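Structure first, then comments.
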2 protein chains.
Amino acid sequence: MKIPSSSVSRISLYYRTVLAIKDKKVISSQDIALLAGFSAAQVRKDLAYFGQFGTPGRGYSIELLKKELKKILGTDREWDVAIVGVGNLGSALLAYKGFKHQGFNIRYAFDNDAKKINKIKQGVRIRPIQALKQVVKANKIDIAIVAVPHEAAQDVIDMLIASGIKAILNFAPRRPKAPEYIELLNIDLSIELERLTYFLQRGKR
Amino acid sequence: MKIPSSSVSRISLYYRTVLAIKDKKVISSQDIALLAGFSAAQVRKDLAYFGQFGTPGRGYSIELLKKELKKILGTDREWDVAIVGVGNLGSALLAYKGFKHQGFNIRYAFDNDAKKINKIKQGVRIRPIQALKQVVKANKIDIAIVAVPHEAAQDVIDMLIASGIKAILNFAPRRPKAPEYIELLNIDLSIELERLTYFLQRGKR
DNA sequence: TAGATTGTTAATCGATTAACAATC
DNA sequence: TAGATTGTTAATCGATTAACAATC
């Protein structure tokens, strides 16, 4: 069965929703929907992609849901993450508390600026980009965050792939190319802002 | 006619694609598609939502496309942007060169940390959150970026809306509520990372 | 004129919503 | 048993792709 990728994002939101519930043991799809901002049918459908977690007439056990959703998302364990590019954005991501909190540990950082090499940021030593392949391989790192200028992005991503990385969160604009078996997710801040100005502009026509 | 929101994001990518072309006067939907990574049919369809920009048998004038796409996206002018929250992420966004380059000027910054108030970052003076309403109103700011901790997000967004802001790019998790007429776009870094771990996890089942 | 390529309509595909039998 | 709510199937909606007449 193929699962819509938007369904996966919603599972993340359902997970946060049930995490926040402290005063109940069981919750209905209707209530999850209300709290997370979707429809009850959508909640049931999304959950049903992954199994039968509920009890007709009663709802979903919150305890079970917490456990199962974590499993689905792969956040029932911790993940080591490498970050490439420790400029403004990279440093901010390195310092971002939210990641650690969700079980993502940025343990490795790389940059090509000689002035930054061997400096320690947030407890992480910045390594030269030349060390990337060896370090990623030796430590079997699965996830990388790319926060380099766009000119460097494709090269860095090629290096990461050659080093055995499996999933990449890329902040550099100009969507780089990667083979099918790599999960490459682009976050392009300018495109997001342009969606806003499109909306503002449109109102004026 | 209602235009898919994914179409707008693609328009941004088409715009970048044609911007990068220097050696031709005219380009076909086929070539745009190839460069931007979509199908020719999709390119023509997306462009057709907004007008007839091409010439059958010849293609699209690159000059015209640059002008028209900019107009569609609302980036044929500069926009003043306010940022709320000048922590790690907020500071990085304030320093991000890409915005300025696309015509987005972050001219106003707000924070509630007394130690930061009146400090200058990237040429922008950090103002107390209490000044938000007055400043946003007086300067008719349309766009705000929210980079505060999630506990504060809803309050900040309510303040922005009350101040007349029209579009918000929100980096705080826990999707806040906003009325229909406000364009609220959420970027949730943890959800993106969870899409990656879902993918990694899935491979193991 | 022949070849190329648009703009648009129709066909397909995929995702969301609605409905309801099964069941606690 | 009656009421509630799931899991799933069918209906609807929306977006993408394919096809092609119009036209440069």
Side-chain angles (χ1 to χ4, degrees), chain A residues 1-14 17-18 21 24-69 72 175 191 195 198-199 202, chain B residues 1-14 17-18 21 24-69 72 175 191 195 198-199 202:
Chain A
M1 194 202 333
K2 106 223 108 1
I3 294 159
S5 90
S6 45
S7 175
V8 178
S9 303
R10 285 192 300 266
I11 294 278
S12 288
L13 292 167
Y14 303 156
T17 300
V18 296
I21 296 170
K24 293 199 293 186
K25 289 235 169 307
V26 165
I27 189 168
S28 67
S29 57
Q30 180 59 238
D31 285 352
I32 298 175
L34 231 60
L35 290 166
F38 302 99
S39 75
Q42 180 115 73
V43 171
R44 291 202 299 279
K45 186 108 239 241
D46 286 337
L47 294 176
Y49 284 126
F50 299 100
Q52 309 192 155
F53 306 127
T55 313
R58 316 205 89 266
Y60 300 88
S61 151
I62 289 171
E63 211 46 53
L64 180 81
L65 226 41
K66 284 183 191 169
K67 218 183 71 203
E68 293 293 337
L69 298 185
I72 292 166
R175 2 212 85 186
I191 286 185
R195 285 171 63 182
Y198 164 77
F199 171 85
R202 196 188 46 155
Chain B
M1 194 198 338
K2 108 219 107 6
I3 294 156
S5 91
S6 45
S7 176
V8 177
S9 302
R10 284 192 300 267
I11 294 277
S12 287
L13 291 166
Y14 303 157
T17 300
V18 296
I21 296 169
K24 294 199 293 187
K25 289 238 169 306
V26 165
I27 190 167
S28 67
S29 57
Q30 181 59 238
D31 286 352
I32 298 175
L34 232 59
L35 290 165
F38 302 98
S39 74
Q42 180 117 73
V43 170
R44 290 202 298 281
K45 184 109 242 239
D46 285 337
L47 294 176
Y49 284 127
F50 300 100
Q52 309 193 158
F53 306 127
T55 313
R58 315 206 89 266
Y60 299 88
S61 151
I62 289 171
E63 212 44 55
L64 181 79
L65 227 40
K66 285 183 191 170
K67 218 184 70 201
E68 293 293 337
L69 298 185
I72 291 166
R175 3 214 81 186
I191 285 185
R195 284 171 63 181
Y198 164 77
F199 171 85
R202 195 189 47 157

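Treat the numbers as computed from the prediction; the structure is a model and nothing was measured. Residue numbers begin at 1 in each chain, while the letters A, B, ... track the order of the sequences. Only heavy atoms go into these numbers, but all of them, side chains included; no hydrogens, no water, no symmetry mates.
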Next item on the list: Could you check which residues of residues 25-38 of chain A get a heavy atom under 4.0 Å from DNA chain C? Sort them by number, please.
Entry: none

Checklist line | Phosphate OP1/OP2 of D/dG14: any B/S5 side-chain N/O under 4.0 Å | finding: no

Check: Taking A/T55 for the side chain and A/R58 for the main chain, is one N or O donor matched with an acceptor at less than 3.5 Å?
Finding: no

Check: Where the side chain of B/Q52 is defined as all heavy atoms beyond and including C-beta, which of D/dA15, C/dT8, D/dT8 is the nearest nucleotide?
Finding: C/dT8

Next item on the list: Select base, sugar-phosphate, or nothing to describe what A/S7 touches, counting heavy atoms under 4.0 Å on all strands.
Entry: nothing

Item checked: Out of C/dA22, D/dT17, C/dA15, whichever nucleotide has its closest atom nearest the side chain of A/P4 -> C/dA15

Notebook entry, point to check: Is the shortest side-chain N/O distance from B/Y60 to OP1 or OP2 of C/dG7 below 4.0 Å?
Noted result: yes

Notebook entry, point to check: Of all heavy-atom pairs between B/Y60 and B/R44, which one has the smallest distance, and what is that distance?
Noted result: OH-CG, 3.6 Å

Margin query: Checking contacts here: which listed nucleotide (D/dT6, C/dT16, C/dT6) is nearest the side-chain heavy atoms of A/P56?
Written below: D/dT6

Check: Does A/R58 put a side-chain nitrogen or oxygen below 4.0 Å from OP1 or OP2 of D/dG3?
Finding: no

Margin query: Heavy atoms from C-beta onward define the side chain here; which of D/dA15, C/dT8, C/dA18 lies closest to that of B/A48?
Written below: C/dT8

Check: Which residue, A/T55 or A/A41, contacts DNA chain C at a nucleotide closer to its 5' end, judged by nearest heavy atom?
Finding: A/A41

Next item on the list: Specify the closest pair of heavy atoms between B/A40 and B/A33, including all atoms of both residues, with the distance to one decimal.
Entry: N-CB, 3.4 Å

Notebook entry, point to check: Does A/R44 have a side-chain nitrogen or oxygen under 4.0 Å from the phosphate oxygens OP1 or OP2 of D/dG7?
Noted result: no

